[in-house]
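A short write-up of the structure that comes next.
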2 protein chains.
Amino acid sequence: MPDKYRSPPPTLPPEQAQAERFEKARSAQATAVLEDYAELISDLIATEGEARPTDIARRLGVSHATAIKSIARLKREGLATSKLYRGVFLTEAGENLARRSRARHRLVVDLLVAIGAPRAAAEADAEGIEHHVSDETLAAFARYLNRK
Amino acid sequence: MPDKYRSPPPTLPPEQAQAERFEKARSAQATAVLEDYAELISDLIATEGEARPTDIARRLGVSHATAIKSIARLKREGLATSKLYRGVFLTEAGENLARRSRARHRLVVDLLVAIGAPRAAAEADAEGIEHHVSDETLAAFARYLNRK
DNA sequence: TTCGAAATGTAGCCGAGGCTACAAATATCC
DNA sequence: GGATATTTGTAGCCTCGGCTACATTTCGAA
Ligand SMILES: [Mn+2]
Ligand SMILES: [Mn+2]
Ligand SMILES: [Mn+2]
Ligand SMILES: [Mn+2]
């Protein structure tokens with residue numbers, strides 16, 4: 001089969017490739033809140049025995065009304081449940097998200113520190129960066145930290 | 001002056017420190033769109049001679065109506081100007097933002113690649129990560145790349 | 001020069017995630 | 001047990017950044 005009949009290489013026009021990168025960043029942003037809540041709820045249950053909306057709100061630095069609305073979204077998406085005045089619980093899917101998010105969060109902090117960022121900056125920046133690190137990049141982080 | 005009369009160390013309660021990290025991430029997110037637009041408009045003017053709303057929209061993967069609305073925000077915040085049917089231009093402040101954003105974007109991609117992330121993943125992830133890298137962390141990135 | 005295509009702008013809708021203010025339920029303390 | 005404080009929930013508002021649909025302006029080609 002001569003070259004002229006082969007399908008073209010899957011190299012997207014650079015314009016479209018750029019649009020896809022922006023798309024991906026937007027979609028990562030859309031799940032950032034869910035990841036932060038799942039991670040935090042899991043932490044609160046582990047350390048305090050329960051995750052109450054008021055504590056979640058204080059830790060996040062938002063009003064309790066905002067926290068309750070976001071918790072409603074977690075429930076809507078099947079990540080959490082809650083009984084009236086009984087705190088918030090994670091479903092199996094929520095636990096999984098929390099676990100993955102916590103692991104990624106830690107790896108990001110560790111990598112930033114290993115590169116030479118001040119601890120405080122690393123911890124602050126990781127809170128936003130974590131939501132945009134793909135599995136491939138995360139794997140590279142892990143390899144790098146092991147090598148060191 | 002005995003220790004007991006010194007003001008306490010500026011070590012915030014960990015709860016409040018966490019809230020501040022989340023707050024910082026939220027505020028970084030609020031400027032992400034401005035940074036992406038500024039960088040893109042600057043690139044378009046450099047490579048195409050002009051930055052038209054339609055081209056901006058296609059590059060970002062959004063509708064032209066969305067692009068126009070975001071451009072309105074850039075104008076509102078003193079970062080851009082535009083004449084009807086004459087494309088978009090950056091103010092001095094806009095140029096500065098574009099320059100800083102582009103430099104940060106490149107450094108982030110370079111660092112991810114240096115760590116061992118696949119090029120495509122590095123470029124995709126950088127589009128989101130860049131908005132959360134503080135000056136201190138950025139400086140650490142630069143030092144690391146120079147050392148190598 | 002005219003007319004159709006392309007670009008630009010406007011209007012109106014949506015959901016997410018902020019907020020304040022108020023209402024109701026529960027917990028706590030005397 | 002009853003008053004008070006805390007927690008939780010609801011209602012209603014805002015901005016941002018998505019979208020579609022439609023109107024208008026400019027451009028380009030016949
Ligand atoms: Mn996190
Ligand atoms: Mn986070
Ligand atoms: Mn960028
Ligand atoms: Mn970006």
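Letters A, B, ... mirror the listed sequences (proteins, then strands); counts begin at 1.
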[atom1] of [X] versus [atom2] of [N]: gap in Å, rounded?
{"X": "B:Ile71", "N": "D:dC16", "atom1": "CD1", "atom2": "P", "answer": "16 Å"}
{"X": "A:Lys69", "N": "C:dG18", "atom1": "NZ", "atom2": "P", "answer": "10 Å"}
{"X": "B:Asp36", "N": "D:dC16", "atom1": "CG", "atom2": "P", "answer": "17 Å"}
{"X": "B:Arg73", "N": "D:dG18", "atom1": "CZ", "atom2": "C1'", "answer": "14 Å"}
{"X": "A:Leu60", "N": "C:dG18", "atom1": "CG", "atom2": "P", "answer": "8 Å"}
{"X": "B:Ile56", "N": "D:dG17", "atom1": "CD1", "atom2": "C1'", "answer": "15 Å"}

### Query
Would you call A:Glu20-A:Lys24 a salt bridge at under 4.0 Å N-O?
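Not counted as a salt bridge, because no side-chain N and carboxylate O are separated by less than 4.0 Å.
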### Query
Do the side-chain N or O atoms of B:Thr66 get closer than 4.0 angstrom to the phosphate oxygens (OP1, OP2) of D:dG17?
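Answer is no, no contact under 4.0 Å.
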### Message
Less than 3.5 Å apart, any donor N or O on the side chain of A:Asn96 or A:Arg99 sitting next to an acceptor on the other?
### Response
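Indeed, the side chains of A:Asn96 and A:Arg99 share at least one donor-acceptor pair under 3.5 Å.
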### Query
Can you check whether B:Val62's main-chain N or O pairs, donor with acceptor, with B:Thr66's side chain at less than 3.5 Å?
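Answer holds: no.
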### Value rounded to 0.5 Å, distance of OH in A:Tyr37 from CG in A:Leu74
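Separation between the atoms: 8.0 Å.
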Taking only distance into account, with no hydrogens and no angle test, what donor-acceptor pairs under 3.5 Å do side-chain atoms of residues 26-33 of chain B form with protein atoms, sequence neighbours excluded?
residue	atom	partner	partner atom	Å
B:Arg26	NH1	A:Leu60	O	3.1
B:Arg26	NH2	A:Leu60	O	3.1
B:Arg26	NH2	A:Gly61	O	3.2
B:Arg26	NH2	B:Glu23	OE1	3.2
B:Gln29	OE1	A:Gln29	NE2	3.4
B:Gln29	OE1	B:His132	NE2	3.2
B:Thr31	OG1	B:Ala28	O	3.0

#### Entry: Qualifying side-chain hydrogen bond (donor to acceptor under 3.5 Å, both in side chains) pairs, either residue in residues 82-95 of chain A, two or more places apart
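Non-adjacent pairs meeting side-chain hydrogen bond (donor to acceptor under 3.5 Å, both in side chains): A:Lys75-A:Ser82.
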#### Entry: Contact list for residues 122-131 of chain A, test side-chain hydrogen bond (donor to acceptor under 3.5 Å, both in side chains), sequence neighbours left out
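Qualifying pairs, neighbours excluded: A:Glu35-A:His131, A:Asp36-A:His131, A:His105-A:Glu130, A:Arg119-A:Glu123, A:Asp125-B:Ser134, A:Asp125-B:Thr137.
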### Message
Using a heavy-atom cut-off of 4.0 Å across all strands, would you classify B:Ser63 as base, sugar-phosphate, or nothing?
### Response
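The residue B:Ser63 makes base contact.
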Under 3.5 Å, which protein N or O atoms sit close to an N or O of nucleotides 4-8 of chain D? Give each pair with its distance.
residue	atom	partner	partner atom	Å
D:dT7	OP1	A:Arg52	NH2	3.2
D:dT7	O5'	A:Arg52	NH2	3.4
D:dT8	OP2	A:Thr54	N	2.9
D:dT8	OP2	A:Thr54	OG1	2.6

#### Entry: Hydrophobic cluster membership, A:Ile41 vs B:Phe22, 4.5 Å side-chain cutoff
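Yes, same cluster.
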### Candidates C:dC19, C:dA16, D:dC19 - which lies nearest the side chain of A:Arg76
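Out of C:dC19, C:dA16, D:dC19, the nucleotide with an atom closest to A:Arg76's side chain is C:dA16.
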### Query
By a strict heavy-atom criterion of less than 4.0 Å, which residues belonging to residues 15-33 of chain A are in contact with DNA chain C?
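Correct list: A:Val33.
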### Message
According to side chain to side chain donor-acceptor pair (under 3.5 Å), who are the partners of B:Arg102, at least two apart in sequence or on a separate chain?
### Response
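Per chain and number, B:Arg102 pairs via side chain to side chain donor-acceptor pair (under 3.5 Å) with B:Ser42, B:Asp43.
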